[in-house]
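Scroll down for the structure; my scribbles are underneath it.
Just so you know, residue 1 is the first one in the sequence shown, and it goes up from there.
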Amino acid sequence: MKYTDIKTKTIEELNTLLKEKEMLLFELNLKLKTMQLTNSSEIRATRKDIARIKTALNERRA
């Protein structure tokens with residue numbers, strides 16, 4: 001997900017997207033621990049998406 005896509009969303013949409021991504025990260029970490037995850041780079045990409053969303057939220061609040 002690109003930052004330009006995130007920048008156009010409202011605060012409510014960003015909050016719901018953040019919750020979805022955090023839940024996805026939790027599930028990916030669970031799969032990693034149980035040896036069911038085939039592509040471990042998904043974890044890194046999800047963490048970066050969460051950081052981008054949090055950056056956009058902090059930018060709007062300031």
Pairwise distance NZ(Lys7) to CD1(Ile53) - rounded to 0.5 angstrom
15.5 Å
Interatomic distance, CG@Leu32 vs CG@Asn39, rounded to 0.5 Å, equals 11.5 Å
Side-chain heavy atoms of Leu17 within contact of Asp49, under 4.5 Å:
no
Side chain of Glu22, backbone of Lys19: donor and acceptor closer than 3.5 Å?
no
Can you find a pair of side-chain heavy atoms, one from Lys31 and one from Thr38, that are under 4.5 Å apart?
no
Is there side-chain contact between Leu18 and Lys21, with at least one heavy-atom pair below 4.5 Å?
no
Working to the nearest 0.5 angstrom, can you tell me the gap between Leu57 CG and Arg61 CZ?
5.0 Å
Quick check for you: to the nearest 0.5 Å, what is the distance between Leu28 atom CG and Ser41 atom OG?
10.0 Å
Which atom names give the shortest non-hydrogen contact between Tyr3 and Arg52, and what distance separates them?
CE1-O, 3.9 Å
Within a radius of less than 6.0 Å around CZ of Phe26, do more than 12 heavy atoms belonging to other residues, nucleotides or ligands occur?
no
All heavy atoms of Arg60 vs all of Leu14, minimum pair found to be NH1-CD1, 3.7 Å
Before you tell me yes or no, could you show the steps for Leu30 and Lys33 under side-chain contact (heavy atoms from CB on, under 4.5 Å), namely the whole-Å CA-CA distance, both residues' side-chain angles and the distance that decides it to 0.1 Å?
CA-CA 5 Å; Leu30 259 175; Lys33 300 289 186 209; 5.6 Å; no
When rounded to the nearest 0.5 Å, the distance separating CD of Glu27 from CG of Leu24 is 6.0 Å
d(Thr46 OG1, Arg44 CZ) to nearest 0.5 Å is 12.0 Å
Start with the C-alpha gap between Lys2 and Asp5, add the side-chain angles, then the distance that decides, and say whether salt bridge (charged side-chain N to carboxylate O under 4.0 Å, His left out) holds.
CA-CA 5 Å; Lys2 300 220 179 218; Asp5 300 334; over 6 Å; no
